[in-house]
Protein chains: 2
Amino acid sequence: MNGMDDTGFISILREHGLQVTYQRLAIYQALYHSKEHPSAEEIHQQVGRRFSMISLGTVYKTLERFSEAGLIDKINPVAEVARYDANLMPHHHFVCVKCQAIYDLEGVSDDESPMRLDGYEDFKILKRQVILRGYCPKCRSRETES
Amino acid sequence: MNGMDDTGFISILREHGLQVTYQRLAIYQALYHSKEHPSAEEIHQQVGRRFSMISLGTVYKTLERFSEAGLIDKINPVAEVARYDANLMPHHHFVCVKCQAIYDLEGVSDDESPMRLDGYEDFKILKRQVILRGYCPKCRSRETES
DNA sequence: ATTCTTGCAAACGGTTTGCACATAC
DNA sequence: GTATGTGCAAACCGTTTGCAAGAAT
């Protein structure tokens, strides 16, 4: 389930021009191993379980640095609070309107190239984000309406 | 540029099960006539220019009621603060990463039906939102990078 | 008369900021 | 040794909430 050792994570940080600290390693690893698109708060708690506690302010600053450096994506704000994603492969998201969970949508076609759009040549399109909203399987089964 | 009188707006509110007050009329008209996807704050200022000032709290409560009633859309939060839209026709948005302006994308195909998706039959999809991010024409010309 | 809405002000919560200290390079 | 990152706490700001007064039905 792991697939990378500390040395690997250190290289990744360096490759993105980021100075290496144990806090950054911990934060990036937590995000890297999570599929939950966690918030800063959640990352903070998760990191605190394995290492001595890191301040929440540092988590915010670090995630912002990571995001600037292109190491992670800030899915911000699809839900009420900012959520982060270490998976940089282009993919879409499903957001549950009830429990706020975010699911990756794998293998959903993204035919339209994000870079051009008829009638909008004057816009410089950097990225395309598709968000589906509705009930996730868990919340759907709890609803009366099938 | 107008196209609807007060009586028309009153009917629309009633049709959505909303009690009619002059504050609600003012707020809905302001949003209806705007193409800027204004924030609550902006609506508040705009309304204050034409009527006696309405409290900001009321603007927030009212927009929330409108949104529940299906009278408007809460594009929330595509940018840093919630932005609202009275145009209920399905359409996509372009958000400028620099000036935060939101543009409607008219006539952009939305082939995939929002209701079904191969491999995600357990999800109840209510709506699909496509957001393109990049530089709008104005900000693009101010950038060095063409 | 009853129910819903408004205004006001205080509270809330996620995020940002300033600064002194510590660490990476 | 210098630049950069961290911790802490206070500030910020969009938004929500509680409640008494007011308006709609």
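Chain letters run A, B, ... following the sequence lines, proteins first, then strands; residues in each count from 1.
Across residues 55-63 of chain A, S55(A), T58(A), K61(A), T62(A) each have a non-hydrogen atom less than 4.0 Å from an atom of DNA chain D (numbered order).
Atom C1' of nucleotide dT4(D) and atom CD of E68(A) are separated by 13 Å, given to the nearest angstrom. Taking atom CD of E64(A) as the reference point, atom P of dT6(D) lies 14 Å away to the nearest angstrom. Distance, R83(B) CZ to dG14(D) P: 12 Å, rounded to whole Å. Nucleotide dC4(C) holds its P atom 17 Å from the CD atom of Q23(B), rounded to whole Å. Per the geometry, NE2 belonging to H44(A) stands 10 Å off C1' belonging to dG7(D), to the nearest Å. Rounded to an integer number of Å, the gap from R65(A) CZ to dA3(D) P is 16 Å. The separation between I54(A) atom CD1 and dG5(D) atom P is 15 Å, rounded to whole Å. If you measure from atom CD1 of I27(B) to atom C1' of dT6(C), you get 10 Å, rounded to the nearest angstrom.
No side-chain heavy atom of Y28(A) sits under 4.5 Å from any side-chain heavy atom of L18(A).
The salt bridge (Lys or Arg N to Asp or Glu O under 4.0 Å) contacts involving residues 7-31 of chain B comprise nothing, where partners must be two or more places apart or lie in separate chains. The salt bridge (Lys or Arg N to Asp or Glu O under 4.0 Å) contacts involving residues 53-70 of chain B comprise E64(B)-K74(B), R65(B)-E68(B), where partners must be two or more places apart or lie in separate chains.
Listed by chain and number, the residues in a side chain to side chain contact (heavy atoms under 4.5 Å, CB included) with A40(A) are V59(A), Y60(A), L63(A), Y84(A) (sequence neighbours excluded). Every residue meeting the side-chain hydrogen bond (donor to acceptor under 3.5 Å, both in side chains) condition with S55(B), not counting sequence neighbours, appears here in chain and number order: T58(B). For D73(B), the salt bridge (charged side-chain N to carboxylate O under 4.0 Å, His left out) criterion is met by K127(B), not counting sequence neighbours. Legend: residues meeting side chain to side chain contact (heavy atoms under 4.5 Å, CB included) with N87(B), ordered by chain and number and at least two apart, are D85(B), M89(B), H91(B), D104(B). When the ring-ring contact (aromatic ring centres under 6.0 Å, His included) test is applied to Y103(B), the partners found at least two apart in sequence or on another chain are F123(A). Partners of D6(A) according to the side-chain hydrogen bond (donor to acceptor under 3.5 Å, both in side chains) rule, which considers only residues two or more places apart in sequence or in another chain, are Q29(A).
Taken over five-pair windows at either terminus, the axes of the helix from dA1(C)-dT25(D) to dC25(C)-dG1(D) are inclined to one another by 40° (rounded to 10 degrees).
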Could you list all N or O pairs between the protein and nucleotides 21-25 of chain D that sit under 3.5 Å apart?
from, atom 1, to, atom 2, distance (Å)
dA24(D), O4', Q19(B), NE2, 3.3
dT25(D), OP1, R14(B), NH2, 2.9

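Taking a 6.0 Å sphere around CD of E36(B), one finds it holds 12 or fewer heavy atoms contributed by other residues, nucleotides or ligands.
The backbone N or O of K98(A) sits nowhere less than 3.5 Å from a side-chain atom of Q100(A) that would complete a donor-acceptor pair.
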